[in-house]
Amino acid sequence: MAYKISDLKTDYQSDWCPGCGDFGILNAIMSALVDLQLDLNKVVLVSGIGCSGKTPHYINTSGIHTLHGRDIPFASGIKLANPELTVIVTGGDGNTYGIGAGHFLNAGRRNIDITCLVFNNGVYGLTKGQASPTLKLGMKTKSLPLPNINEAINPLVVAISCGYTFVARSYAYDVKHLKEIIKQAILHKGLSLVDILQPCPSYNDIHTKEYFEEVVNNSKRIYKLEETGYDGEVKDPNNNEEIQQKLLQAIAKSQEWGEKIPIGVFYKINLPTLTDRLKERYKKDINPSKDNIEQNGKPTTDISKLIEEIEVKRYIRG
Amino acid sequence: MKKVNNFTWLIGGPQGSGVDSSANTFAKTCASIGLYIFGKREYHSNIKGAHSYYPITVSDKPVRSHTDSIDILATFEKETLSLHKENVVENGIIIFDKDYNVDLNPNKYTLVPLPFNDIIKEAAVKFQREKDYSKLQIMRNVITVAASLSILNLDVEYLIKTLESVFIGRRSKLLEINIFAANLTYEYIKSNSFNKKSIYELRPTENNENLVLTSGTTATAIGKIAGGCRFQTYYPITPASDESEYLEAHPEYGVVVVQTEDEIAAICMAIGASLAGVRASTSTSGPGFSLMAEAQGWAGINEVPVVIFNYQRGGPSTGLPTRHEQGDLEFALYAGHSEFPRIVLSPGDIEESFYLAIESFNLAEKYQLPVIFLSDKAIANSIQTVKSFNLSNVKIERGKMLSDQDLLTLLEKEGRYKRFKITEDGISPRISLGQGIFWNTGDEHDEFGHICEESNNRTIMFDKRMRKMNTIIKELDVSLKYRMYGPENADYTLIGWGSVKGPILDTLEELNKYYKVNFLQIILLKPFPSEEILSLIKNSKMLIGIEMNYSGQLCNLIRKETGIKINKRILKWNGRSFSREEIFKGVIDAINLDQEKIICKSGI
Ligand SMILES: Cc1ncc(C[n+]2csc(CCOP(=O)(O)OP(=O)(O)O)c2C)c(N)n1
Ligand code: SF4
Ligand SMILES: [Mg+2]
């Protein structure tokens, strides 16, 4: 029987601030799951630390709330150990682009088949509003005593340049759009990033709902790439020219910020995932969780060949 | 009279020049005639050029340690001569390049100047490889080994057998020329009667014990495979990476090996894999282990089985990156903030590494916690002939891991699955991701795994986890806690952990000619078997702690856990593992001198 949103809710009480963008993201994740009807026993949400990190507790699938910045490595271990699982990461911008930046980057090199949803609110919410790596130089949110002294990173460019094969941005209060993007990201075979613009009414008074939805030059500041004819998908992954063109297009598009802010899929390509590469290396499907390592308490692995390699061979002359 | 089958041979040379492979060839050949081997690899944190050396101790009885004194010094470079000649015994043999101008006393040593260049030239001409002359310099290794073995009067056939087992695959085209060089060397030694001058000899024995010749990292890696470890992460670091690389080189066993971006990712990925039901581990050394502190606490509070192999080396910081130390004990006991259940244990040698590696996964799963396997450089990088590994007594125990059927039954009975169900022994039924739904969090949690800051829950949940430490002490077999060697009721008890076991056991018999001495090797360091250890040591006339660190960390732990102060400590922190002679003299001094600390300094 199909499950509904109400089936996905846990009895764990949410403690986000009223009006927080995280509610929109939570709804979008649950709606995406309802649309996809994935086996809930096989879905794992992995989060970092932050307001965003609490998300898994609100959803009735397994939820692993990890360490600050380390959600991607946890998720990678889970996926490699059992590739049948659908693994979705929910991290904050400080979590993923700051303290966890090394993992964020290196996951790209692996193209591991997991989905990273980053709750990008420009601040460190849970520690009361310090500047996050996506807050631009000179900005002073109400939580900051002085304007931000650092330049921001552009997570989309970083993701595109280090190997993410699905790079998108969406917006927490456009639950429908976000849900569709999350669905695509989950269904995508490979590593996906969905950077989610997430208003934090408590600390970020610059990137508010009003800001994102403000009408500038007759249309909303936030606009959808797919409505402009933009197509970020590489149709032929063997065509280097197409790849180059789509990469450059995505990078150029991701620079757009200010009067207009694009959301949608910036870049997408189908390439072998880490699990595919492992399959090639091991010459079989690799699912360590299915390996039977014991029978009646005895080890089943035959190590005689390994012992043979190091065994002392006696030479008797003659 | 010749000394047969008992000596220490040492080869030295610049890093990257083949010292290791020479030592392995020599060791393998001696083992092939039924002898026991212990070899210690000593090298600089450098890739090419710096001095490295490798003593091989050969014996007709099992041997577990190196000696400071050298019977046969073999080298093709000057630095080795100047650094090591002081340690060569009287009438010992020194093999060196005859083109070097060296100042060695011919009345003290048997000098064997070798015409390396002539032999290499002749081989080059014979195989029409004159233009490869500089490449062929690598044959200095085989020449050195051949000279050593022919001086020891061992038939060249034995060496050739070894060469045939070494020059295989891609290298097999080099076999012929190496055999040729070996034969030339043998002829040279015989025609100059150097073998007659030698006081040492090798003679094939009847011994046919089933042995393997292997290193600590290899033994541990094979143990992991046998024990069902199927997920291993690492970030490159000496001396731990060899173990991961071994696993990586054997994909047919299906161990997924991930070279991560750092050690934080390494431990977190391993924990993740474990959550999916896979036996998982990570291997590292001090600097990496330091980075893993926070995640160990996460595994502790979430009761996740994961095994962390820490091959200790000289610290702090990068310290002595390729040298030996047992300096991480106190850190391993407490790494991470606050308190959480964990097991810390330490193998004493290569053989124990194999079995204890398997057992570590059993313990991790039975008690659902991180297990820290504290090995060290002296175990990792040494080679030894040990009894071939045997799985007939090995068990795989996965503890309260529920099958799908178990889970169904539980759900019927209890309605919902509680990952952290409060139980008497502190251990809750465990399921894997994919089997059913549960939560984990680094925050304090309720029985379901949801964040819970409620004060009563905190009191109960903390206690539930920590209770497992008592369960462990109650349930664990004594062979996993400690081992006692030597006479019962000795007057003097030596106490140590990890690789000090080898040199201590190798001197125990000799010491007992003078005093009644036994040796207590502690394996389980956390939870500490306080009662048992207390009853073992409380009546001893004198306790002597022996440790490869500055302050005697195990001694301090024993004081804390049993109240007994160990008044004598034999300590060393110069990066070079204890030699047999040092232990012997150290114990004699500890017994006789009114001195709390005996500081050892041997090694180059
Ligand atoms: C190692 C470590 N350092 C610092 C913290 C404190 N801390 C908790 S949440 C947080 C920032 C969270 O910001 P972000 O990732 O953007 O998540 P948000 O709360 O904005 O969703 C920090 C620094 C921590 N938990 N762990
Ligand atoms: S601090 Fe900001 S991000 Fe955190 S719950 Fe409140 S509004 Fe949301
Ligand atoms: Mg944030």
Side-chain angles (χ1 to χ4, degrees), chain A residues 10 12 40-42 44 46 49 53-54 56-57 60-67 69-82 84-85 102-103 105-106 109-110 278 281-284 286 288-289 291 293-294 297-301 303 305-307 310-317, chain B residues 31-34 155 157-158 161 208 211-214 218 222 225-228 230-231 250-251 253-254 256 258 260-262 264-265 268-273 275-280 294-295 298 385 388-389 391 394-398 432-443 450-451:
Chain A
T10 62
Y12 182 73
L40 291 179
N41 283 331
K42 308 275 182 218
V44 184
V46 182
I49 296 291
K54 297 183 176 170
H57 293 285
N60 210 357
T61 64
S62 282
I64 308 298
H65 180 192
T66 71
L67 294 163
R70 317 301 171 200
D71 39 6
I72 291 177
F74 273 84
S76 303
I78 293 167
K79 182 70 187 182
L80 287 168
N82 185 355
E84 285 174 12
L85 302 176
H103 311 308
L105 223 105
N106 282 281
R109 296 168 51 220
R110 303 191 179 103
L278 283 170
R281 171 179 284 195
Y282 289 78
K283 302 190 178 61
K284 59 177 182 194
I286 286 296
S289 73
D291 221 350
I293 59 164
E294 58 94 24
K298 299 297 294 174
T300 50
T301 316
I303 54 164
K305 270 207 191 118
L306 299 175
I307 292 181
I310 54 171
E311 211 161 44
V312 172
K313 314 261 182 331
R314 287 290 127 68
Y315 296 128
I316 315 290
R317 275 186 71 205
Chain B
S32 78
I33 61 170
D155 199 283
E157 246 179 77
Y158 293 98
K161 281 274 186 235
N208 56 11
L211 299 173
V212 293
L213 175 60
T214 191
T218 301
I222 300 177
I225 292 173
R230 291 294 176 268
F231 193 83
H250 291 86
Y253 293 89
V256 171
V258 189
T260 55
E261 54 273 24
D262 58 33
I264 298 176
C268 293
M269 265 193 214
I271 295 171
L275 288 170
V278 174
R279 288 196 157 185
E294 189 195 16
W298 195 94
T385 39
S388 188
F389 304 135
L391 292 178
V394 168
K395 283 192 277 189
I396 303 279
E397 298 171 286
R398 308 202 69 174
S432 307
L433 292 173
Q435 256 187 306
I437 293 174
F438 65 91
W439 290 268
N440 275 183
T441 169
D443 290 32
H450 281 310
I451 300 170

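Atom set for the values below is all heavy atoms of this structure, side chains included, hydrogens, waters and symmetry mates excluded. Order of the sequence lines sets the chain letters (A, B, ...), proteins ahead of strands, with each chain counted from 1. Note that the coordinates shown come from a computational prediction; the quantities given were computed from them, not determined experimentally.
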Which atoms of [X] are under 4.5 Å from chain B, going by heavy atoms: the side chain, the backbone, both sets, or neither?
X        : value
A:Leu306 : both
A:Ile72  : neither
A:Lys313 : backbone
A:Leu67  : both
A:Asn60  : both
A:Lys284 : side chain

Under 3.5 Å, is there a donor-acceptor pair between the B:Arg230 and A:Thr301 side chains?
yes
Applying salt bridge (charged side-chain N to carboxylate O under 4.0 Å, His left out), can you list everything that pairs with A:Glu311, at least two apart in sequence or on another chain?
none
Looking at every non-hydrogen atom in both residues, tell me the closest pair between [X] and [Y] and how far apart they are.
X        : Y        : result
A:Ile307 : B:Phe389 : CD1-O, 3.4 Å
A:His57  : B:Asn440 : CE1-O, 4.2 Å
A:Lys298 : B:Val394 : NZ-O, 2.8 Å
A:Pro73  : B:Cys268 : CB-CB, 3.7 Å
B:Ala276 : A:Ser289 : O-CB, 3.4 Å
A:Asn82  : B:Leu433 : ND2-O, 4.2 Å

Report which part of [X] has an atom under 4.5 Å of a heavy atom belonging to chain A: side chain, backbone, both, or neither.
X        : result
B:Asp443 : side chain
B:Val278 : side chain
B:Ala280 : neither
B:Leu275 : side chain
B:Ala226 : both

To the nearest 0.5 Å, tell me how far [X] [atom1] sits from [Y] [atom2].
X        : Y        : atom1 : atom2 : answer
B:Thr260 : A:His103 : OG1   : NE2   : 8.5 Å
B:Phe231 : A:Ile286 : CZ    : CD1   : 11.5 Å
B:Leu391 : A:Ile303 : CG    : CD1   : 4.0 Å
B:Glu294 : A:Thr66  : CD    : OG1   : 9.0 Å
B:Ser432 : A:Asn41  : OG    : CG    : 12.0 Å

Partners passing side chain to side chain donor-acceptor pair (under 3.5 Å) against A:Thr10 (at least two apart in sequence or in another chain):
none
For the candidates A:Arg70, A:Lys305, A:Lys42, A:Glu294, which exhibits the highest count of non-hydrogen atom pairs separated by less than 4.5 Å from chain B?
A:Arg70
Does A:Arg110 form a salt bridge (Lys or Arg N to Asp or Glu O under 4.0 Å) with B:Glu261? I'd like the steps, not just the answer.
CA-CA 11 Å; A:Arg110 303 191 179 103; B:Glu261 54 273 24; 2.6 Å; yes
Examine A:Phe74 together with B:Trp298 and report whether their ring centres are nearer than 6.0 Å.
yes
